[in-house]
Each structure stands twice: as structure tokens, then as C-alpha cells.
Amino acid sequence: MLNEWQEFLDYTGSVIYTASGKNDTTYLGRFTFDTLLDFEGLARVLTILARGYLFHGADGPILQENPRSRIDYARRALCAWCSVPDRKTAAPKETWQFKTDFRDLQQEFPDLVDEDGTGWFCRHVHAVARFIRENPDKVRKTVVEKAEIIEKKFDTAWRKKVLQYQVSIFSPQTKGAWTLRFDDVIADALELGSLRQAGPELSSTLLERIQATTPSGIPFEIIQTLAAYYIANKPEDSDWVVLPVANFDAYFGGTSFSKKYLRTIPETIMVRDGMGFGVCRYKIIFFDKLKLNNSSSHF
């Protein structure tokens with residue numbers, strides 16, 4: 001979660017579809033089933049992608065050109081990543097204004113969409129389903145039925161989402177008022193800037209404090225990561241930071257973070273708002289006394 005460039009690579013590169021046992025979710029890549037089936041956490045995923053294509057060259061260097069000159073390029077990259085092939089029996093009314101099959105972008109973004117119009121995300125989701133179906137002995141019994149859901153329902157649900165993403169930010173229609181759009185993603189990306197390639201360095205004093213205040217039963221890594229993420233993302237005008245819970249689940253390789261550990265962190269360490277759509281706000285309490293701000297690099 002701290003190395004955003006690596007996160008970008010995880011969303012655009014190859015995924016190793018394997019599992020050493022039923023508790024190993026390596027085959028999911030940097031996602032959970034909440035993202036694959038309910039699309040929770042995709043706002044951060046798309047924003048990471050947009051920042052990568054707005055600010056960075058192919059191998060990660062920050063480009064010197066004005067990122068606003070690359071807005072159309074970044075939007076095309078998002079379209080390619082989200083692409084889903086047209087249905088053979090698609091009704092004309094479904095594609096009268098926007099399309100969801102971006103195979104025409106294959107030459108520009110060969111890693112993001114193939115010649116059949118299958119985008120990176122769609123390809124990954126179906127690869128997950130295929131792995132589950134072919135390796136039922138390596139996944140939990142409750143996961144097997146998710147492969148069937150993907151195969152029967154994913155394309156239709158994803159196609160609707162991709163149509164929504166293209167609604168203009170200036171759309172007067174209700175359908176564009178309460179949905180995530182590419183326009184929102186690109187605006188957030190421009191505001192956030194280039195991708196961070198290293199997190200803040202935590203001082204030994206702070207690490208000792210985190211260690212001392214971490215309750216038994218909660219992995220130290222979780223509190224340490226939450227603290228570092230808070231420091232890296234704290235705005236200058238607020239003590240609150242948006243916590244992408246769904247993405248943290250994916251980072252830690254399961255849903256234990258959100259369903260087990262997050263709710264047990266005492267308020268002497270962290271307070272948070274209620275969660276919705278895979279995100280919440282939080283602040284680390286003992287940072288108040290340290291008067292930390294976003295410009296610091298060593299704590």
C-alpha cells in the first residue's frame with residue numbers, strides 16, 4: 001500500500017495463478033472476491049492506474065511533460081483495462097452512447113486489452129474462475145461457487161459498470177449523479193500526483209511505541225502499515241485519512257484485516273468512521289501529540 005508504483009505493476013502485469021493450500025489466495029492477485037464480484041475498492045485501483053499513465057513512463061520514471069496533456073491517453077488506458085467484449089446478441093440500445101468493447105485500443109495498450117476486446121481486469125477475473133474450477137482441492141469449498149457466479153454473471157455486471165464509468169461529470173441525468181466515473185478518477189489522479197515508490201521511514205522510537213501499543217492477537221505489521229500509510233497520506237488541513245479497506249484486504253491477502261483485526265484495534269491507537277463502499281476515515285491517536293504533517297519524511 002505504500003509502494004504505489006508496485007501497486008500499479010500489480011494491476012497491469014502478470015498474475016501467478018497458484019495456491020499452496022486452501023488458505024493461500026495468491027491466485028487472486030492483488031484483489032479479493034469483494035472486488036471481483038462487488039467491485040469494492042476499484043476507485044483506488046483505477047486512480048492508481050490513471051496516475052501511472054498520467055505521470056510515469058513505461059519503466060516508472062516521472063515524465064517532465066504536463067500531465068494534463070496526457071488526460072486523453074490515461075482515459076484510453078482506463079478504457080482498455082476495463083474492456084469487456086460485446087455480447088453477440090447485444091441490443092443496440094446498450095451501446096448507443098458508450099461502448100464497453102475497446103479492442104480498437106489493443107495496439108496502443110497490448111498489455112491491457114487483447115484483440116478480442118477482453119481487458120486486463122476481465123481477463124484476470126475469468127482466469128481466477130478457471131483456476132478455481134481446475135483446482136477445487138486448493139481452494140475453500142465456499143470459493144467453488146464463486147467461480148460459477150463469475151462465469152454466469154460477471155460480464156453482464158461489469159459491462160454495466162464500464163458504461164457508468166463513461167458518464168460525463170456534467171451529465172444532468174440521475175444515473176450519473178451517484179456513480180464513479182472516469183472523469184472523477186482522472187481528477188483525483190491529477191490532484192494526487194505521481195505514484196509514490198517508497199513509504200515513509202518510521203523512526204525506532206515510533207516503531208517501539210507501535211510495538212508497545214499493539215494488542216496481542218493483532219499482527220504488528222498491520223498497525224505498522226496503518227501508521228505508515230497515515231503519515232504518507234495525511235493532508236495538511238485535516239487529521240483524518242481515507243482508508244481504502246478493500247484494498248488493504250487485498251494487500252494482506254484476505255479479508256481478516258476488515259472482518260477481524262480492524263474492528264479490534266482500540267481507540268487508544270486509532271479511531272475511524274463507519275465503512276461504506278469499501279472505505280472509511282481514520283486517524284492514529286498518538287500522532288496528535290507528535291504533531292505530524294504530510295511534509296515529514298522521517299518519524
Side-chain angles (χ1 to χ4, degrees), residues 8-15 17 28-31 33 35-54 58 70-133 146-171 173-176 178-187 189:
F8 173 84
L9 295 178
D10 291 341
Y11 298 146
T12 55
S14 300
V15 178
Y17 297 99
L28 288 175
R30 195 156 180 153
F31 299 89
F33 281 109
T35 302
L36 302 188
L37 297 178
D38 299 325
F39 309 125
E40 286 190 359
L42 280 183
R44 176 180 174 86
V45 174
L46 293 174
T47 303
I48 290 288
L49 291 171
R51 291 167 65 190
Y53 287 104
L54 284 170
R70 295 170 61 86
I71 287 177
D72 289 341
Y73 173 74
R75 186 184 180 91
R76 291 195 303 275
L78 294 177
C79 289
W81 191 88
C82 292
S83 182
V84 55
D86 285 334
R87 293 189 304 173
K88 294 181 180 179
T89 58
K93 66 179 181 180
E94 289 187 322
T95 56
W96 70 271
Q97 185 175 11
F98 304 117
K99 65 179 183 178
T100 60
D101 187 326
F102 294 96
R103 67 184 68 191
D104 56 307
L105 297 175
Q106 195 276 331
Q107 289 190 346
E108 187 175 16
F109 302 102
D111 295 333
L112 301 187
V113 60
D114 63 24
E115 294 178 352
D116 296 325
T118 303
W120 191 98
F121 185 59
C122 186
R123 183 171 64 240
H124 172 61
V125 174
H126 283 288
V128 167
R130 185 167 57 253
F131 176 85
I132 294 170
R133 187 176 62 253
K146 296 183 187 297
E148 184 177 352
I149 293 173
I150 288 172
E151 292 172 337
K152 290 183 177 180
K153 299 182 178 181
F154 174 79
D155 283 6
T156 298
W158 183 234
R159 202 172 277 115
K160 292 179 180 179
K161 270 292 183 184
V162 178
L163 288 174
Q164 291 175 356
Y165 289 157
Q166 297 172 76
V167 174
S168 170
I169 197 171
F170 301 110
S171 174
Q173 300 181 21
T174 303
K175 68 178 181 180
W178 302 106
T179 185
L180 179 68
R181 297 157 297 195
F182 288 149
D183 287 347
D184 303 307
V185 169
I186 291 174

#### Entry: CD1 on I150 to CZ on R130, rounded to 0.5 Å
11.0 Å
### Query
Is there side-chain contact between F154 and C122, with at least one heavy-atom pair below 4.5 Å?
yes
#### Entry: Geometric class of the Y53/Y73 ring pair [parallel <30°, tilted 30-60°, perpendicular >60°]
perpendicular
### Message
Any non-hydrogen side-chain atom of L112 less than 4.5 Å from a side-chain atom of L105?
### Response
no
### Task
Please answer whether the main-chain N or O of L28 pairs with a side-chain N or O of H124 as donor and acceptor at a distance below 3.5 Å.
yes
### Message
As an exercise, state the distance from CG of L49 to CD1 of I186, rounded to the nearest 0.5 Å.
### Response
11.0 Å
#### Entry: Centroid-centroid distance, Y11 to W81, less than 6.0 Å
no
### Nearest-0.5 Å distance that lies between atom OG1 in T118 and atom CZ in F102
13.5 Å
### Message
Go through it in stages, so that I can follow the logic: the residues are S83 and D101, the test is side chain to side chain contact (heavy atoms under 4.5 Å, CB included), and I'd like the CA-CA distance, side-chain angles, deciding distance and then a yes or no.
### Response
CA-CA 5 Å; S83 182; D101 187 326; 4.3 Å; yes
### Query
To the nearest 0.5 Å, how far apart are CG in L78 and CZ in R181?
14.5 Å
#### Entry: Basic-acidic side-chain contact under 4.0 Å: R75, D183
yes
### Task
Could you tell me whether the side chain of R159 and the main chain of P85 form a donor-acceptor pair under 3.5 Å?
yes
### Task
Look only at the side chain of R103 and the backbone of D116, and say whether a donor-acceptor pair between them is shorter than 3.5 Å.
yes
### Query
Quick one: does D86's side chain get under 4.5 Å of K99's, heavy atoms only?
no
### Query
Within the distance-only criterion (no hydrogens, no angle test), does the side chain of T12 pair as donor or acceptor with the backbone N or O of F8 below 3.5 angstrom?
yes
### Message
Please report the interatomic distance CZ(R30) to CG(L9), rounded to the nearest 0.5 Å.
### Response
10.0 Å
### Task
Report yes if some heavy atom in the side chain of F182 is under 4.5 Å from a heavy atom in the side chain of C79; otherwise report no.
yes
### Query
Can you check whether F31 and F121 have ring centres sitting under 6.0 Å from each other?
yes
### Task
Assess whether side chain to side chain contact (heavy atoms under 4.5 Å, CB included) is satisfied between K146 and V128, documenting all intermediate values.
CA-CA 10 Å; K146 296 183 187 297; V128 167; over 6 Å; no
#### Entry: CG-CG distance between L42 and L180, expressed to the nearest 0.5 angstrom
8.0 Å
### Message
With heavy-atom distances below 4.5 Å as the criterion, would you say the side chains of V167 and F98 are in contact?
### Response
yes
### Task
Output yes when a side-chain donor or acceptor of T47 lies under 3.5 Å from a complementary backbone atom of A43, and no otherwise.
yes
#### Entry: Expected output: side-chain T35 to main-chain E40 donor-acceptor under 3.5 Å
yes
### Query
Within the distance-only criterion (no hydrogens, no angle test), does the side chain of W120 pair as donor or acceptor with the backbone N or O of A80 below 3.5 angstrom?
no
